[in-house]
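In what follows, every heavy atom counts, from backbone to side chain, and hydrogens, waters and symmetry copies are set aside.
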Amino acid sequence: MSVSIYYTAKRKQPLTATERNAIDAAIARFAVEDQLEEYFRSGTGLNWESFCIYDATQPTEAGIVLEGATKLPDNSEDAMWIGLQHWCQLLTEIHLQLSGANWHVHVDDHAIVWDNTSNSFDPSQ
């Protein structure tokens, strides 16, 4: 059984080219492809899935500027927690790039809320 983190950002204005570039750069910094290759090659490490953003030209509802879901690693006792923290750090960076967006981030029925004190998505809350 796999568990995924889901994320949606909504606002009236579409993404700007600058925002798209910043999001792409953040995703590249948090990429796990090298770790995935090691896992497939040697069987060691986490069974990551690459960060996924759905096609922006076909949002599931009006006003969505970013949405996606990424399966969390699950092949060790701490894998999901490590994956959740990793993707929440990425989503924090993306959130900081998208002014005025309303976010919904969750894992199954557990909402991951924006913490205004730390300016982050904190999965421990």
Side-chain angles (χ1 to χ4, degrees):
M1 180 179 103
S2 66
V3 175
S4 297
I5 182 170
Y6 300 88
Y7 28 91
T8 305
K10 293 175 79 174
R11 70 175 187 196
K12 292 180 181 180
Q13 306 82 14
L15 294 178
T16 66
T18 301
E19 289 170 331
R20 272 190 231 104
N21 290 338
I23 291 167
D24 290 344
I27 291 170
R29 281 192 306 279
F30 281 84
V32 294
E33 278 65 28
D34 58 337
Q35 296 174 54
L36 263 172
E37 286 179 28
E38 177 64 19
Y39 174 74
F40 290 131
R41 187 184 63 73
S42 69
T44 61
L46 300 178
N47 61 336
W48 290 97
E49 180 177 283
S50 298
F51 190 77
C52 176
I53 294 179
Y54 302 154
D55 182 358
T57 63
Q58 298 184 359
T60 56
E61 62 182 81
I64 292 179
V65 295
L66 183 140
E67 67 180 324
T70 302
K71 182 179 155 257
L72 297 171
D74 63 357
N75 63 320
S76 75
E77 188 175 317
D78 297 326
M80 274 193 216
W81 180 240
I82 291 166
L84 182 59
Q85 291 176 88
H86 181 80
W87 296 131
C88 282
Q89 289 172 350
L90 170 57
L91 288 167
T92 293
E93 285 202 21
I94 295 172
H95 182 285
L96 294 171
Q97 298 297 323
L98 299 182
S99 62
N102 293 318
W103 282 80
H104 180 63
V105 178
H106 64 100
V107 174
D108 293 334
D109 292 336
H110 177 75
I112 300 172
V113 297
W114 182 255
D115 181 349
N116 287 319
T117 304
S118 66
N119 279 330
S120 67
F121 285 112
D122 182 354
S124 67
Q125 295 187 14

Are the side chain of [X] and the backbone of [Y] linked by a donor-acceptor contact shorter than 3.5 Å?
X: Asp108; Y: His110; value: no
X: His95; Y: Ser120; value: no
X: Thr8; Y: Glu67; value: no
X: Asn47; Y: Asp74; value: yes

What's the shortest heavy-atom distance between [X] and [Y], and which atoms?
X: Asn116; Y: Asn119; answer: O-OD1, 3.5 Å
X: Gly45; Y: Asn75; answer: O-ND2, 2.9 Å
X: Leu72; Y: Leu84; answer: CD2-N, 3.7 Å
X: Cys52; Y: Thr70; answer: N-OG1, 3.1 Å
X: Ile94; Y: Ala26; answer: CG1-CB, 4.5 Å

[X]: partners by salt bridge (charged side-chain N to carboxylate O under 4.0 Å, His left out), with sequence neighbours left out:
X: Glu19; value: Arg11
X: Glu49; value: none
X: Glu61; value: Lys10
X: Glu37; value: none

| message | Which label fits Trp87 and Phe51: parallel for a plane angle under 30°, tilted from 30 to 60°, or perpendicular past 60°? | response | tilted

| Parallel, tilted or perpendicular: which describes the rings of Tyr6 and His106, with under 30° parallel and over 60° perpendicular? | parallel

| task | Verify side chain to side chain contact (heavy atoms under 4.5 Å, CB included) between Ile23 and Leu98, making sure each step is shown before the conclusion. | result | CA-CA 9 Å; Ile23 291 167; Leu98 299 182; 3.9 Å; yes

Are any non-hydrogen side-chain atoms of [X] and [Y] less than 4.5 angstrom apart?
X: Trp81; Y: Gln85; value: yes
X: Tyr54; Y: Leu66; value: no
X: Val107; Y: Ile112; value: yes
X: Pro73; Y: Ile82; value: no
X: Val105; Y: Pro123; value: no
X: Phe121; Y: Trp103; value: yes

Do [X] and [Y] sit in the same hydrophobic cluster, where Ile, Leu, Val, Met, Phe, Trp and Tyr count as joined when their side-chain heavy atoms come under 4.5 Å apart?
X: Leu96; Y: Tyr7; answer: yes
X: Val3; Y: Leu36; answer: yes
X: Ile5; Y: Ile64; answer: no

| Residues that Glu38 engages under side chain to side chain contact (heavy atoms under 4.5 Å, CB included), provided they are two or more places apart | Arg41, Ser42, Thr44

| message | Considering only residues two or more places apart or on different chains, which pairs with a residue in residues 77-104 satisfy salt bridge (charged side-chain N to carboxylate O under 4.0 Å, His left out)? | response | Arg29-Glu93

| query | Is there a side chain to side chain contact (heavy atoms under 4.5 Å, CB included) between Thr92 and Ser118 once you walk through the steps? | reply | CA-CA 10 Å; Thr92 293; Ser118 66; over 6 Å; no

| query | How many angstroms lie between atom OG1 of Thr117 and atom CD of Gln125, to the nearest 0.5 angstrom? | reply | 8.0 Å

